[in-house]
Amino acid sequence: MNKGYIVGLLLVLLPVISFAQSAWPEPQAHAGTFRQTKHIAVLTRPFVSSGRYQFTPESGLLWHTLLPVANQLSITDKGVFRVSGEGQQEALTTDQGISQLLLALISGDQKKLNMMFRINTHESGMLLTPTDSTIGNLFEKIELTRDQQQLLHIVLHEPAGNYTEITLHPR
Amino acid sequence: MIKPVAQRILVVWGLIIGALLAWLWFSVSHHHVRMNADVLDVLQINDPYAEAAEQASQGVANRALLFFAHPETDVSKASIKYMLAHLAGHPLIASCYLNPGAELHSEELVAFYAQYGNYLLSDDARHALQNGDYHYLARNYFSLLSQPGNPLVSASIARAPLLNVADWLTANLQSNHWQNDAPFLYVAQGETRYYPLFIELSGASLNANNAETTSADLQHLIDTLQQQYPQLVVLRSGVIFHTAAISEQAKAESTLLSMVSLVAVALLSLWRLRTLLPIVALFLTIGVSVVAGLAALASIFNEIQVLALVFAVSLTGVAVDYAYHVLLTARYYRLSGLPLARKLLPALVAGGLTTILSYLLLLTLPVVLLKQVAVFMVVGVLAAVTFALTALCWWPLPGRFYAPLRPLPQLTGLNGVVLFLLAAVVLVSSSQLTFSDDIRLFNSSPPHLLEQEARIAKLVGSEQYPRLLFFRASDKQQVLQRMAQIRGAIKQHIASPSALQGLDLWLPDERRQMENQQLLQKAVQSAALAEVLSYLNTSAIVSLNTPTPLLKESNLPRQLTLLAPPVLSDGEHWIGAMRYAGALSAQQLAAISQLLDFELHFYDKPALLSAAMQKLRVYVLQFLLVALFCVTAMMLIRYGWRSGAAGALLPGLAIGLALVCNQLFFGYLTLFHLLGSVLVLALLIDYVVFLQEHGKRPHVLESITLSAVTSVFAFGLLAFSETQAILHFGSMVFCGVSIGWLLCFTLPPEWLRSRT
């Protein structure tokens, strides 16, 4: 067999092997605090917000921003909902594309991520490139950083050059 | 061997029929006459906005909607993709799409409205700023920016840096039944998501045959999907499904009922008439009268209502009467030619004239449908009487036909007391008769389709009959302003304003846009927004103060204009239309109108059609009463007080009792019961006239019996129809003719003028 062919095959298979070796655990419940920084061209300085989050595979993600203004979002596979002080939910978007993407990212659900992205894994995380044009219109690429157990850092790169960094501090 | 006189008569009739058929063919093939099969066209809607409603609803018939729901939404989406792939290139389907504004992606929508960022405010934001609550904008700004991955924020912030467009679009999209799940739309009900597939049909697809083909093709694909995913629910909405189902049902019914009635009538006639020649004469009488009636219609009217023909089938019943009477009189007296014609002349002329005079009354009513029934019946009866007195009296009949036959038994039993009691029952019950004119009663679509329509109406408010709110305005800007006023007023009185679709949702009027701009300017200058502004770069702040063109209708993407009814003009005024899904009571409408400084008109098509149906029903009832009066007058004049009164009472009593029976059976009566009564009257006039002229002789009783049995088989079998209108008609004829026949048979001979 041609040596070049074998090298080529290995180069193609390497990320797959690496991905398989570093496969994330099944989505698990986790919670902690976050710090989100938005870098938007039209803003003179990054917009920083922070708060608490809580994820469970059953009820989705609760995103409770405390600063600069308090607000609470519930992100489920049905959409994104604003939660009022009385606990009532008002749909902000019912676009499953958005909510399922956010849930797949925060939970590290590889099955779902594989359906939406081409995944390049590296030692400390993944680089996700959308294969779905709908997601591609929203995000050019997404970087995920993690330690052995937990997701620590997400960077969402938008096509226009804006990007959002989310740092998680799991409890 | 046919006699020379008979030959000449038959040749003359052959020429007449040939000429009438040629005239009919010429009229229809050269489009001088058009057949109108739309039953609803018969009902003249009396509403000043009827034409505007027609325009606003244009193309509705060519659209179909399928909803897919499965516990796993991915299955619903995959099913839609499967349908799209398999329907591409279908010859009767113009296009299929996921979203009425399909070519407009959400990012394009945001980019479009972001250009007009200084002019757009959500109702909540506008209300807050009008009350000086400028902090609302700041809170909303930080709240939106805090959300992870909100595409409306990312797409609009560069052009509308205060995020008011993101806020406005969020509110606008929420006020819609439709939710976005790009590239799909869906409607949520509880935990279930219903994903729609919109289908635009080609013009030819509404023809009954094509509708059946297209519907069957769609059903085949749906069946395949449901085999694969047993939990998949598919809901259908659209005229095409109803047309296909009704057409299939009508075909199956008409094939079965016509076969049964034809075989029954042929066997019965063969049994009593023994040979085929008299049966040929029977069918020829029907044929001549129908052709003559049609030719008269084609000569007078440019458009013939198919429904007029359906109800003018009474003619065939009357024509059969005459034919039986001629043939059985010929056998009884062993007569033919001139002597037979002389013998029959008084009875046939009296029967025919009474029927003709009764039907002529319909010409006085201002309903084209009834005028057409009158013309068809009058000319048809005239032709049938003439044919019976000429061709039939000379008709060659074989010797076997004249052999004596065992007569039907003579029955009596009706007496003054029984007649009085029956009349009392009718009189007492008449106050209990109730009529229903609700158009929805006559919807002959199968229940599963109606149930699906109802579910879809609940989901999205797309009803089979559109309900529209109309108002007039002096210009287009006023149209948009008034739409916003209506929206506000409805919001105050009805819980779900999302049922209201109007152009103002996507195109705020210019006055409102300028007010929004001023409110935003004030907010920008206030201290409340200082922190927000500290984030914005110079170009963003400059953009807030740079004048930009207002959002105008001419700039609006076409896809958005399709989401609302069009703004129309009657040459003098602009007519604004808002589609409204849901019920609106008279009290609610009055309360809403009180909040407006202009007239609001609710165009409720089901209610309008029901009102038109009621009007038509009242006309037919009036006709029936006047016809009964005329029949009474003619009977009294020709047959004297006692015989005349008995003769007149008999049809009235039979119709009255049949109406009471139908009231008991259905719980209400409809227009179609009354139309059945008209046929019963026409038939019973003949029975009574034959009895009065010739007495209760065996041939008279036999002709009445054969005619009654034939009518019951031909029309009474319609009582087994699934179509409500036909069922009511058939049931009335069945009861009326049966009761009428029984009354004729039991009538004491001494009550008749001819007592032999």
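Everything quoted here is computed from the prediction, not taken from an experiment. Letters go in sequence order (proteins before strands), and every chain restarts at 1.
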Heavy atoms of other groups near [X] [atom1], more than 12 under 6.0 Å:
X: B/Arg139; atom1: CZ; result: yes
X: B/Glu72; atom1: CD; result: no
X: A/His153; atom1: NE2; result: yes
X: A/His169; atom1: NE2; result: yes

Contacts with chain B made by residues 31-47 of chain A (heavy-atom distance under 4.5 Å), listed by residue number: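 A/Gln36, A/Lys38, A/Ile40, A/Ala41, A/Val42, A/Leu43, A/Thr44, A/Arg45, A/Pro46, A/Phe47, listed by number.
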
Structural part of B/Ser534 lying under 4.5 Å from a heavy atom of chain A: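 For B/Ser534, the contact with chain A is made by backbone and side chain together.
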
Which atoms of B/Ser539 approach chain A - backbone, side chain, both or neither, heavy atom under 4.5 Å: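 Neither part.
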
Minimum-distance pair of heavy atoms, taken over all atoms of A/Arg82 and B/Asn140: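 For A/Arg82 versus B/Asn140, the nearest heavy atoms are NH1-OD1, 4.5 Å.
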
Minimum heavy-atom distance A/Ile166-B/Pro148, with the two atoms named: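 Scanning both residues completely, I find the closest heavy atoms to be CD1-CB, 4.3 Å.
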
Distance from [X] atom [atom1] to [Y] atom [atom2], nearest 0.5 Å?
X: A/Leu73; Y: B/Ser143; atom1: CG; atom2: OG; answer: 7.0 Å
X: A/Ile75; Y: B/Gln147; atom1: CD1; atom2: CD; answer: 8.5 Å
X: B/Ile157; Y: A/Glu158; atom1: CD1; atom2: CD; answer: 9.5 Å

Stepwise side-chain contact (heavy atoms from CB on, under 4.5 Å) test for B/Ser146 and A/Asn71: CA-CA 8 Å; B/Ser146 303; A/Asn71 74 72; 4.0 Å; yes

Under 4.5 Å from a heavy atom of chain B, the part of A/Leu101 involved: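 Neither; nothing under 4.5 Å.
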
Residue part contacting chain B, namely of A/Thr65, when any heavy atom lies under 4.5 Å: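 A/Thr65 touches chain B through side-chain heavy atoms alone.
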
